[in-house]
Amino acid sequence: KQSIVFFKKVGRRATLNGADVTKYLEEMFEVPAQYIDPSTLSLEAQFRLMQTTTVAIAGLGGLSFISGFMPIGSVAI
């Protein structure tokens, strides 16, 4: 099962149209997509989310630590 997660960032490096991009990707690929602020999730919840995510998108440096918990064959952008 495919799933897309776009990680929301705040501050200087925030993605201004993340919610729109997430909606577009969900419609384009007909795959569930979520726009999530990881700071609102516990570390355990973040790990669980990554275990079922096949495409993860984040701003600069946003996935370097947690992407190692994604399934084999997944993509981090």
Side-chain angles (χ1 to χ4, degrees):
K1 183 179 174 182
Q2 302 288 321
S3 67
I4 300 170
V5 175
F6 196 121
F7 285 95
K8 181 179 182 180
K9 291 190 92 172
V10 295
R12 275 186 23 214
R13 296 183 182 189
T15 305
L16 301 178
N17 63 343
D20 294 332
V21 170
T22 302
K23 183 178 177 183
Y24 174 79
L25 292 171
E26 186 171 49
E27 293 171 358
M28 176 79 162
F29 295 106
E30 297 179 358
V31 171
Q34 302 175 65
Y35 185 53
I36 295 177
D37 180 353
S39 69
T40 64
L41 302 175
S42 69
L43 189 55
E44 180 181 351
Q46 290 180 46
F47 287 140
R48 290 184 189 279
L49 176 66
M50 295 310 287
Q51 290 174 336
T52 60
T53 299
T54 52
V55 178
I57 305 167
L60 186 61
L63 290 170
S64 57
F65 169 71
I66 200 139
S67 64
F69 295 92
M70 295 173 69
I72 294 172
S74 300
V75 177
I77 302 171

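On a predicted model such as this, the values are computed, not experimentally measured, just so you know.
Pairing each heavy atom of T15 with each of Y35, the nearest pair is O-OH, 3.7 Å. The minimum heavy-atom distance between M50 and S67, with the atom names listed, is CE-CA, 4.2 Å. What you find for E26 and A33 is that their closest heavy atoms are OE2-N, 3.2 Å. When all heavy atoms of Q2 and T54 are compared, the pair lying nearest together is OE1-OG1, 3.1 Å. Closest non-hydrogen pair, A56 versus F7, comes out as CB-CE1, 4.2 Å. Annotation for Q34 and L49: closest pair NE2-CD1, 3.8 Å, computed over non-hydrogen atoms.
The hydrophobic cluster containing M28 does not contain V5, counting ILVMFWY residues as joined when their side-chain heavy atoms lie under 4.5 angstrom apart, directly or transitively. Note on I36 and V31: separate hydrophobic clusters, where clusters join Ile, Leu, Val, Met, Phe, Trp and Tyr whose side-chain heavy atoms are under 4.5 Å apart, directly or indirectly. Note on L43: it clusters hydrophobically with M70, by side-chain heavy-atom contacts below 4.5 Å among ILVMFWY residues. Residues F29 and F6 share a single hydrophobic cluster, defined by chaining ILVMFWY side chains whose heavy atoms lie under 4.5 Å apart.
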Discussion item. For I57 and L25: C-alpha separation, side-chain torsions, deciding distance, then whether side-chain contact (heavy atoms from CB on, under 4.5 Å) applies.
Written reply: CA-CA 11 Å; I57 305 167; L25 292 171; 3.6 Å; yes
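F47 CZ: more than 12 foreign heavy atoms inside a 6.0 Å radius.
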